Structures are given as C-alpha cells and as structure tokens.
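One structure is given here, and the rest of the page talks about it.
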Amino acid sequence: MNQISSHDEVYELTGEITIRFTQFPGDEELRQLISRHGLLLLRRNEFVREQAVFKPADPSRSLSDLVQTIEQEGTARAVWANRSSRYQRAA
C-alpha cells in the first residue's frame, strides 16, 4: 500500500475509491460506470444514498488516475481514494 506521512500521522491508501454522485444512481447507471471503468462495487452508503465505494478490478490500476478520469466525466459530485490513518506516539 502507498503511504502518505504527515508529522505523527501515517495515511495508507486502502485500494478503494468513494464516489458521491450528483443524484442517487440507479442500478443501470452503476452497471454502466462499473463497465466503463473496470470497477467492482463493494458497498453503497446506507446514510448517503448518492455515495458508493468501489475498487478497481485490476489492482495494479492507479487510483489517482481513476479518480481523475471519473471526476472529468462530470457525473460525480466528488471522488476520492479511501485511506486509513495510523497515529504514532511522539518520541
């Protein structure tokens, strides 16, 4: 996994992306997106209906390129690579 370090905090990319659509996506819209971008649907957000989490079917695919490509389509309000954080104690 890629790591991003900021002071005592370390961020690791999870290999997943989150897409928040401009409106609630129907099943057919999701199927088309999945097909166009080679994605796997992991889960839909039960609290934010316009949001879903995906991962590339090809794990070697660049998340930043994928995020940028989907952003340029204009069908999403926001797209981001998911990350987890780990904190380290100060010495």
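Not measured: the values here are computed from a predicted model.
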Please assess F21 against L33 for the test side chain to side chain contact (heavy atoms under 4.5 Å, CB included), listing each intermediate value before the final yes or no. CA-CA 11 Å; F21 297 91; L33 178 86; 3.8 Å; yes
When you look at V79 and T18, which way does the side chain to side chain contact (heavy atoms under 4.5 Å, CB included) test go after all the steps? CA-CA 6 Å; V79 184; T18 297; over 6 Å; no
Given the rule in the side chain to side chain contact (heavy atoms under 4.5 Å, CB included) test, do N82 and L63 qualify, once you have shown the distances and angles that lead to the verdict? CA-CA 9 Å; N82 294 350; L63 290 181; over 6 Å; no
Quick one, F54 with L30, criterion side chain to side chain contact (heavy atoms under 4.5 Å, CB included). Give me CA distance, side-chain angles, the key distance, then yes/no. CA-CA 10 Å; F54 303 86; L30 285 179; 3.8 Å; yes
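Using a 4.0 Å cut-off between charged nitrogen and carboxylate oxygen, R43 and E16 count as a salt-bridge pair.
Atom CD of Q23 sits about 9.0 Å away from atom CD of E50, to the nearest 0.5 Å. Separating the CZ atom in R83 from the CG atom in L13 is a distance of 8.5 Å, to the nearest 0.5 Å. Atoms CD1 and CG, from I19 and N45 in turn, are 13.0 Å apart once rounded to the nearest 0.5 Å. Note that OG1 of T75 and CD of Q32 are 10.5 Å apart. Values are rounded to the nearest 0.5 Å.
The shortest heavy-atom contact between A81 and I17 is CA-CG2, 4.2 Å. What you find for G15 and P56 is that their closest heavy atoms are O-CD, 3.4 Å. Pairing each heavy atom of T14 with each of S84, the nearest pair is CG2-N, 3.9 Å.
Side chains of H37 and E73: a donor-acceptor N/O pair is present below 3.5 angstrom, by distance only.
T69 places a side-chain N or O within donor-acceptor distance of the main-chain N or O of D65, the cut-off being under 3.5 Å.
Cluster membership check: V67 does not share its hydrophobic cluster with V53, using side-chain heavy-atom separations under 4.5 Å among Ile, Leu, Val, Met, Phe, Trp and Tyr.
Other residues, nucleotides and ligands contribute only 12 or fewer heavy atoms inside 6.0 Å of the CZ atom of R49. More than 12 heavy atoms of other shown residues, nucleotides or ligands fall within 6.0 angstrom of atom CD in Q72.
In this structure, F24 shares a hydrophobic cluster with no other residue, the cluster being traced through Ile, Leu, Val, Met, Phe, Trp and Tyr side chains under 4.5 angstrom apart.
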